[in-house]
K.L.:
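Submitted below is the structure of interest, expressed as structure tokens.
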Amino acid sequence: MSRYKKYILPYLIYWILGPLGMIVEVLGEVFLPYMLSKIINNGVGERNIPYILGCGGIMCLFALLMAGGGIAGAWFASKASMNFGADLRMDLFKKIQNFSFRNIDSFSTGSLVTRLTNDITQIQNMIMMVLRLCLRAPGMLIGAMIMAFTMNARLALVILVVIPILVAAIATIMIIAFPRFGIMQKKLDQLNSCIQESLVNIRVIKSFVRNDFEEEKFEKMNHDLRDTTLRAMNVVIFNMPVMMLIMNATTIAVVWYGGNMIIGNTGMLVGDLTAFTNYVTQILMSLMIMSMIFLNSSRVMASIKRVNEVLDTEIDLTDEQAAHPDAQVKEGRVEFRDVSFRYYKNRDEWVLRHIQFSIDPGKTLGIIGSTGCGKTTLVSMIPRLYDVDEGEVLVDGINVKDYSLYHLREGVGMVLQKNVLFSGNIIENLRWGNPDASEEEVQEFAKSAQAHDFVMSFPDQYATQLGQGGSNVSGGQKQRLCIARALLKKPKILILDDSTSAVDTATEAKIRQAFQTTLKDTTKIIIAQRITSVMEADEILVMDEGVITGMGTHEELMQTCDTYREIYESQTNKEVTA
């Protein structure tokens with residue numbers, strides 16, 4: 001728990017003042033029954049109106065102090081818990097932002113969303129409860145116990161019989177409830193993942209008329225969460241009835257024995273019994289409050305464990321071992337030296353095997369091959385989205401592991417297979433590539449990506465608001481905007497991963513032509529399914545099942561690589577004789 005000190009120390013004054021405000025309220029609660037007994041015994045019994053009014057005035061003053069203490073305690077507790085939750089959520093988000101792809105693969109998106117929202121909300125609510133009640137409940141318990149034993153030690157022994165029974169009941173409920181809360185949070189993860197997937201892919205669902213299927217899937221997960229929550233709550237609901245049963249039984253016992261003492265003239269007065277009954281109620285109420293804290297803590301411990309799983313995740317891509325952390329990508333030379341890679345380190349299947357090639361600055365490399373042959377994985381090694389298992393990847397003669405991640409990725413522009421745009425207007429999305437770019441620069445690179453004309457056709461032009469994920473533009477338009485965004489970064493290395501698949505061949509040709517002028521000094525790596533996309537490249541890699549089966553220009557590969565020639569023939573319907 002020492003890791004949480006950083007979220008407490010900046011707001012330590014709130015953590016102190018919150019409980020102190022509650023102590024003021026507790027002192028009043030302990031004092032009021034005593035004053036009430038004085039009014040009954042001395043004021044009412046002797047018909048002393050001035051005494052009653054005097055004591056009543058003191059009680060009113062204490063009531064005002066209690067109100068002030070309660071309000072201040074609640075306010076400071078809220079400040080402490082909300083700041084704790086906000087800072088923890090920020091650190092958790094930063095940790096996730098630093099995750100490598102391999103780290104991200106360890107958690108579902110829905111699970112990470114739940115941990116950032118619901119789990120942290122549970123923690124901060126628990127903190128608020130603890131700060132408001134951690135001193136109030138024990139303070140009331142101790143104060144009421146002292147007053148009860150002071151007034152009548154023999155009658156107070158009834159309470160000592162009840163407390164072990166309460167503790168045993170609370171412990172039993174907690175032991176049963178704790179594992180059920182952990183399962184409940186996992187079911188919430190699954191439901192969040194289902195909701196996210198359905199909303200993001202709503203157009204696909206509608207196009208395949210799979211609404212009924214998605215509704216059934218959601219209904220099943222929703223019912224699973226409901227049933228799991230009910231199983232957890234079915235244990236918790238026993239807490240209040242058990243507490244109330246014991247409280248009422250104790251009150252009856254106190255009134256019975258106390259009443260007999262009054263009748264027997266053993267020194268117990270009516271006012272004392274009234275005050276004593278209030279103290280018994282306070283003692284049992286404080287125990288009930290503590291039981292609520294313990295029960296909620298069982299759920300919060302499950303949330304803390306889930307948050308810690310993220311915070312404790314070891315990020316496998318860091319700058320800690322970087323030999324040249326200040327180095328920047330200046331030329332764009334890329335070299336792979338006998339690179340091999342596999343996603344699952346405990347298995348024998350290699351995704352890439354003995355990859356070896358180099359690209360000179362400003363040149364264009366085309367990569368082509370069957371689906372799943374490792375093309376995307378290969379280029380992911382350059383910006384170090386994954387680390388190689390064997391061999392090394394060099395940029396400008398420096399191993400990518402020796403760069404800082406920031407400087408390395410600043411020098412690499414990447415347009416992924418899945419084109420992603422963010423909520424906001426078009427110019428905000430394009431400036432992801434360069435936040436300081438002028439409007440003229442934005443338009444210049446949009447023209448190079450063949451995006452300017454369709455953007456200008458919108459009523460709001462570059463101020464056009466994009467839906468979530470760019471849902472209100474076509475696939476081809478989205479690809480061109482993503483290319484413009486990468487160009488605006490002015491990278492030394494540009495990677496296009498099948499990023500013109502939704503663009504017609506004429507537009508694609510114009511984009512490639514613009515590359516020769518706009519990015520003449522940039523090293524360009526183009527992954528494509530269409531052979532026309534890579535035919536003009538300075539060099540072409542042909543891949544199959546994680547290995548390079550051919551390398552050379554278009555003309556050379558037509559003569560030396562059967563796989564390349566088969567792809568060419570199948571796409572152009574031409575038969576070529578060697």
Side-chain angles (χ1 to χ4, degrees), residues 11-44 48-84 124-152 156 159 163 166 240 243-244 247-248 250-251 254-255 269-294 296:
Y11 315 104
L12 188 60
I13 188 67
Y14 301 143
W15 288 75
I16 295 171
L17 293 178
L20 287 180
M22 293 296 110
I23 285 294
V24 173
E25 192 174 26
V26 168
L27 291 175
E29 288 193 14
V30 173
F31 182 74
L32 288 180
Y34 174 75
M35 293 301 298
L36 181 61
S37 71
K38 292 297 183 183
I39 289 176
I40 294 173
N41 292 336
N42 302 329
V44 176
N48 189 340
I49 301 301
Y51 185 85
I52 294 172
L53 292 175
C55 290
I58 294 173
M59 292 178 72
C60 289
L61 179 61
F62 267 89
L64 289 173
L65 291 173
M66 288 170 61
I71 292 170
W75 190 81
F76 286 121
S78 298
K79 292 278 287 184
S81 62
M82 292 303 115
N83 281 299
F84 181 99
Q124 68 185 23
N125 287 345
M126 183 63 185
I127 290 171
M128 186 185 301
M129 179 185 291
V130 167
L131 289 179
R132 294 181 65 178
L133 303 176
C134 69
L135 290 184
R136 189 176 190 277
M140 189 190 303
L141 174 65
I142 295 169
M145 286 283 284
I146 292 171
M147 294 301 293
F149 274 93
T150 301
M151 297 185 74
N152 194 307
I159 303 168
I163 290 177
L166 273 172
M240 185 64 71
M243 298 300 109
M244 292 304 297
M247 180 184 295
N248 291 330
T250 306
T251 304
V254 167
V255 172
L269 300 176
V270 173
D272 294 341
L273 180 59
T274 303
F276 196 93
T277 305
N278 283 331
Y279 287 132
V280 169
T281 303
Q282 287 181 5
I283 291 168
L284 296 177
M285 281 295 295
S286 64
L287 289 171
M288 189 158 63
I289 290 170
M290 292 169 69
S291 74
M292 288 172 53
I293 294 174
F294 286 130
N296 279 316

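Reckoned from all heavy atoms, side chains included, excluding hydrogens, waters and symmetry mates. Bear in mind that the values here come from a model prediction, so they are computed numbers and not experimental data.
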K.L.:
Please test L17 against W75 for side chain to side chain contact (heavy atoms under 4.5 Å, CB included), starting from the C-alpha separation and ending with a verdict.
P.N.:
CA-CA 9 Å; L17 293 178; W75 190 81; over 6 Å; no
K.L.:
How close do S78 and S81 get, heavy atom to heavy atom, and via which atoms?
P.N.:
O-OG, 3.2 Å
K.L.:
What distance separates I49 CD1 from I52 CD1, expressed to the nearest 0.5 Å?
P.N.:
4.5 Å
K.L.:
What is the distance from atom CE of M59 to atom CG of L64, rounded to the nearest 0.5 Å?
P.N.:
12.5 Å
K.L.:
Which value, rounded to the nearest 0.5 Å, describes the distance between L20 atom CG and L131 atom CG?
P.N.:
11.0 Å
K.L.:
Looking only at non-hydrogen atoms, find the nearest pair between V24 and L65 and report the distance.
P.N.:
CG1-O, 3.5 Å
K.L.:
Distance check, rounded to the nearest 0.5 Å: M129 atom CE versus Q124 atom CD?
P.N.:
13.0 Å
K.L.:
Would you please classify the geometry between the F76 ring and the Y14 ring as parallel, tilted or perpendicular, with 30° and 60° separating the classes?
P.N.:
parallel
